[in-house]
Amino acid sequence: MAVDEELVALAKSGEDEAFSKLYASVYKDMYKYAYYMLGDAYDAEDVVSETVLEMYSGIKSLRQNSLFRAWTFKILSNKCKRKRKQYLKKTISLDDEEQNIELYESQYDLELKHDLELALDILSLEEREIVSLSVFCGYNSNEIGEILRIKPTTARSKLSRALAKMQRKMKVQF
């Protein structure tokens, strides 16, 4: 997923419209990534908003225009990690959790979502990041390697192992 380097250059020079176009090119992937990393729609929206503010104020410091996406997801990844640390400190009552469930969701959708969440929960944070970037955002191993600063071959092997772990977990539950 190539980025328009001229657009990045314009955004770095202070062009708000160019920044808006850049944001429009990544916002869906940012939200999907944050949602699957955090498991909560509201927290995902908050983290994406915080990331956009940091991107806007820090875009001038971006050294290579071609690395805009990697830079964006590195910021988002760090914010998701901080938010997950907050989860460890916070306990949620069953009543609060039930209030967050949308009434129109079918029982089947809820069960599938629960199974997926259980399968994602067995993954390490790095595995979860790689699966989220690949499966939910559609990035290939080269792009994942760029974002996470690992070799593409490492990204492929970690993705394969993580998906196998998830598959074993989901088979056990059925």
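What you see is a predicted model, and the numbers here were worked out from it, not measured in a lab.
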Response to the item:
Nearest heavy-atom approach of Val131 to Ala162 is CG2-CB, 3.6 Å
Worksheet item: What residue pairs, at least two apart or across chains, pass salt bridge (Lys or Arg N to Asp or Glu O under 4.0 Å) with a residue in residues 153-166?
Response: Glu126-Lys158, Glu127-Lys165
Worksheet item: Does the side chain of Ser132 reach to within under 4.5 Å of the side chain of Tyr33, using non-hydrogen atoms?
Response: yes
Expected list for residues 72-81: side-chain donor-acceptor pairs under 3.5 angstrom, two or more places apart:
residue, atom, partner, partner atom, Å
Thr72, OG1, Phe68, O, 2.8
Ser77, OG, Glu129, OE2, 2.3
Asn78, ND2, Lys74, O, 3.3
Lys79, NZ, Glu54, OE1, 2.9

Worksheet item: Is any side-chain heavy atom of Ser141 closer than 4.5 Å to a side-chain heavy atom of Thr153?
Response: no
Worksheet item: Any side-chain heavy atom of Met37 within less than 4.5 Å of one from Val47?
Response: no
Worksheet item: Should the heavy atoms of other residues, nucleotides or ligands under 6.0 Å from OH of Tyr31 be counted, would the total exceed 12?
Response: yes
Discussion item. Holding to salt bridge (Lys or Arg N to Asp or Glu O under 4.0 Å), I want the full list of residues that pass it with Glu45, two or more places apart in sequence or in another chain.
Written reply: none
Discussion item. A side-chain contact here means heavy atoms from C-beta on lying under 4.5 Å apart; do Asp29 and Tyr139 qualify?
Written reply: yes
Validation: residues 145-152 side-chain donor-acceptor distances under 3.5 Å, sequence neighbours left out:
none

Worksheet item: At their closest point, which heavy atom of Ala155 faces which heavy atom of Ile144, and how far apart are they?
Response: CB-CG2, 3.9 Å
Worksheet item: Is there a donor-acceptor pair closer than 3.5 Å between any side-chain N or O of Ser61 and the backbone N or O of Gly58?
Response: yes
Item to complete: Would you mind listing every salt bridge (Lys or Arg N to Asp or Glu O under 4.0 Å) that reaches into residues 13-24, with sequence neighbours excluded?
Response: Glu17-Lys21
Worksheet item: Are side-chain heavy atoms of Val52 and Phe19 found at a separation under 4.5 Å?
Response: yes
Worksheet item: Under 4.5 Å between any side-chain heavy atoms of Trp71 and Met55, yes or no?
Response: yes
Item to complete: Could I get the full list of side chain to side chain contact (heavy atoms under 4.5 Å, CB included) partners for Ala9, not counting sequence neighbours?
Response: Asn65
Practice prompt. Could you grab the distance from atom CG of Leu159 to atom CG of Asn140, nearest 0.5 Å is fine?
Written response: 11.0 Å
Worksheet item: If you measure from CD on Glu5 to CG on Leu10, what distance do you get to the nearest 0.5 Å?
Response: 12.5 Å
Worksheet item: What pairs with Arg128 under salt bridge (Lys or Arg N to Asp or Glu O under 4.0 Å), at least two apart in sequence or on another chain?
Response: Asp121
Worksheet entry | Pairing residues for Tyr23 by the ring-ring contact (aromatic ring centres under 6.0 Å, His included) criterion, not counting sequence neighbours | Tyr27
Worksheet item: Going only through I, L, V, M, F, W and Y residues with side-chain contacts under 4.5 Å, is there a path from Leu53 to Leu38?
Response: no
Item to complete: For the residue pair Ile59 and Leu22, establish whether any side-chain heavy-atom pair is separated by less than 4.5 Å.
Response: yes
Fill in: Value rounded to 0.5 Å, distance of CG in Asp4 from OG in Ser25
9.0 Å
